[in-house]
Enquirer: 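This structure is in structure tokens; I'll ask about it shortly.
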Number of protein chains: 2
Amino acid sequence: MHDGLREPNHRTQGIIATLQAIGGKWKPLILFILLHDGTRRFGELRRLLPHITQGMLTSQLREMEQDGLIVRLVYNEIPPKIEYSLSDHGKTLSSVLADMCGWGFKHIEFMNQSKAESKNDSHAE
Amino acid sequence: MHDGLREPNHRTQGIIATLQAIGGKWKPLILFILLHDGTRRFGELRRLLPHITQGMLTSQLREMEQDGLIVRLVYNEIPPKIEYSLSDHGKTLSSVLADMCGWGFKHIEFMNQSKAESKNDSHAE
DNA sequence: CAGAATCCTACCTGATACTG
DNA sequence: CAGTATCAGGTAGGATTCTG
């Protein structure tokens, strides 16, 4: 996904690597759900991510599997059954994801507050 | 940027809000640089982000200004001089960014290791 | 210097149909 | 069930040129 992000010798390498791994549009969300819910099947993930398309979900899962973040377990059954879960390496993202989640709630409050303030400003005199 | 990410009543709200705020392709990187370098001018940011286009840099900065993450300080001079820095609210991202950076380095090691392992596998017999 | 404007492409979305 | 395939349409992002 990310390319052209190759600064040589820089301290930004870490962020860049993270962006390449989980910078996708849906990846943090999928990882967050797998982190909290444990193992999930494809259809369950679809239901938990109401607006994602099958194609997107498939591609995001495959990329993260490639990057060693998630494990794809195929049962040889009819009808097919496939389970997705975080790999051990994927689980090392838990603090990052938790931080992102926590900051998001702070950000929501912040935005509500600044909206309220600008409303006050506008009918102040 | 992100829309269609509106699950109602869910615990994913935090991640979703974070994704909307800093989910852009360049935002975490720009924020990381501003966090570590303090105040920077437009041209300096361009030089620190070798592959970003002016247009992208402008739009990302404007969006983050809108979201209250960064401060845009305009000097009324010729030639124009404009300084960007993190707002107080933007600075609350520091732990998230630091975590992302740290995880990125771990991920680089992980990927190198699994590459090495698969190389071993391939010429084992 | 810091950008605005334009154009262009690649990717994402949504719907639908098909397969093992 | 868990995909893959296809196509129309939109949006994010990239490249280039122009301006106060």
Side-chain angles (χ1 to χ4, degrees), chain A residues 1-7 15-16 19-30 33-34 37 39-67 70-85, chain B residues 1-7 16 18-31 33-34 37 39-67 69-85:
Chain A
M1 167 158 317
H2 283 267
D3 211 23
L5 284 182
R6 315 208 154 271
E7 282 183 286
I15 301 262
I16 291 175
L19 254 25
Q20 288 174 339
I22 64 165
K25 186 163 186 174
W26 297 93
K27 287 177 183 176
L29 205 50
I30 297 170
I33 289 175
L34 288 177
D37 295 1
T39 298
R40 286 285 162 217
R41 298 181 59 179
F42 187 86
E44 295 177 311
L45 288 174
R46 264 194 68 187
R47 253 167 278 123
L48 291 166
L49 273 47
H51 302 295
I52 201 171
T53 56
Q54 289 124 311
M56 257 300 107
L57 183 52
T58 300
S59 71
Q60 303 290 288
L61 288 170
R62 291 287 151 80
E63 286 178 21
M64 291 193 289
E65 190 196 0
Q66 276 280 323
D67 288 341
I70 65 178
V71 174
R72 182 167 178 269
L73 178 58
V74 183
Y75 294 82
N76 266 335
E77 298 177 0
I78 306 268
K81 175 177 171 185
I82 297 178
E83 288 182 344
Y84 295 91
S85 57
Chain B
M1 170 159 317
H2 284 265
D3 211 20
L5 285 181
R6 315 207 155 272
E7 282 182 285
I16 292 175
T18 301
L19 254 25
Q20 288 174 338
I22 64 165
K25 186 165 186 173
W26 297 95
K27 286 176 183 176
L29 206 49
I30 298 170
L31 291 166
I33 289 175
L34 288 177
D37 295 2
T39 300
R40 287 284 162 216
R41 299 181 60 178
F42 187 86
E44 295 177 310
L45 288 174
R46 264 196 66 189
R47 252 166 278 124
L48 291 166
L49 273 47
H51 302 294
I52 200 172
T53 56
Q54 291 117 315
M56 258 298 108
L57 183 51
T58 301
S59 71
Q60 302 291 289
L61 287 169
R62 290 288 152 77
E63 286 179 21
M64 292 194 287
E65 190 195 359
Q66 277 280 321
D67 288 341
L69 299 178
I70 64 178
V71 175
R72 182 167 178 269
L73 179 57
V74 183
Y75 295 83
N76 266 336
E77 298 178 0
I78 306 270
K81 175 178 170 183
I82 296 177
E83 287 182 344
Y84 294 93
S85 57

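Sequence lines set the chain letters: A, B, ... in the order given, protein chains first and strands last, and positions in each chain run from 1. Keep in mind that the numbers below use all heavy atoms, side chains included, and drop hydrogens, waters and symmetry copies.
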Enquirer: Less than 4.5 Å apart, any side-chain heavy atom of Val71(B) and any of Thr39(B)?
Expert: no
Enquirer: Side chain to side chain contact (heavy atoms under 4.5 Å, CB included), that's the test. Do Arg72(B) and Leu61(B) meet it? Break it down for me.
Expert: CA-CA 9 Å; Arg72(B) 182 167 178 269; Leu61(B) 287 169; over 6 Å; no
Enquirer: Indicate whether OP1 or OP2 belonging to dC11(C) is found under 4.0 Å from a side-chain N or O atom of Lys25(A).
Expert: no
Enquirer: Could you tell me how far apart Met56(B) (CE) and dT9(C) (C1') are, to the nearest whole angstrom?
Expert: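 In whole Å, dT9(C) C1' lies 13 Å from Met56(B) CE.
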Enquirer: Is there a side-chain contact between Trp26(A) and the phosphate of dC11(C), meaning an N or O under 4.0 Å from OP1 or OP2?
Expert: no
Enquirer: Starting from C1' on dA2(C), measure out to CD on Gln54(B) and report it in whole angstrom.
Expert: 9 Å
Enquirer: Rounded to the nearest 0.5 Å, what's the gap from CD on Gln54(A) to CZ on Arg46(A)? Could you check?
Expert: 4.0 Å
Enquirer: Is Arg72(B) close enough to dG3(C) that one of its side-chain N or O atoms is under 4.0 Å from OP1 or OP2 there?
Expert: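 So the side-chain polar atoms of Arg72(B) do come within 4.0 Å of the phosphate oxygens OP1 or OP2 of dG3(C), strictly under.
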Enquirer: Calculate the interatomic distance between Ile52(A) atom CD1 and dT13(C) atom P; express it in whole Å.
Expert: 7 Å
Enquirer: Are OP1 or OP2 of dG3(C) and a side-chain N or O of Arg62(B) less than 4.0 angstrom apart?
Expert: yes
Enquirer: Among Leu48(B), Leu49(B), Ile70(B), which residue satisfies the side-chain contact (heavy atoms from CB on, under 4.5 Å) criterion with Ile30(B)?
Expert: Leu49(B)
Enquirer: Measure from CG on Leu45(B) to P on dG3(C) and round the result to the nearest Å.
Expert: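 Atom-to-atom, Leu45(B) to dG3(C), this comes out as 10 Å.
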Enquirer: When you measure from the side chain of Ile82(A), which nucleotide among dA2(C), dC1(D), dG3(D) comes out closest?
Expert: dG3(D)
Enquirer: Taking for each residue the nucleotide of DNA chain C bearing the nearest heavy atom, is the 5' side occupied by Glu83(B) or by Pro80(A)?
Expert: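 Result: Glu83(B).
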Enquirer: How long is the straight-line distance from CD1 of Ile33(A) back to CG of Leu29(A), given to the nearest 0.5 Å?
Expert: 5.0 Å
Enquirer: Report yes if at least one side-chain N or O of Tyr84(B) is closer than 4.0 Å to OP1 or OP2 of dG3(C); otherwise report no.
Expert: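 The answer is yes; a side-chain N or O of Tyr84(B) sits under 4.0 Å from OP1 or OP2.
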Enquirer: Mind calculating the distance between CD (Glu77(A)) and P (dG3(D)) to the nearest angstrom?
Expert: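 After rounding, the gap between these two atoms is 14 Å.
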Enquirer: Taking CD from Glu63(A) and P from dC12(C), how many angstroms apart are they, rounded to a whole number?
Expert: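 Rounded to the whole Å, the gap is 8 Å.
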Enquirer: Expressed as a whole number of angstroms, how long is the span from Leu57(B):CG to dA5(C):C1'?
Expert: 17 Å
Enquirer: For dC1(D), take OP1 and OP2 only and decide whether either is under 4.0 Å from a side-chain N or O of Arg41(A).
Expert: no
Enquirer: In whole angstroms, how far is the P atom of dC12(C) from the CG atom of Leu19(B)?
Expert: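 In whole Å, dC12(C) P and Leu19(B) CG are 14 Å from each other.
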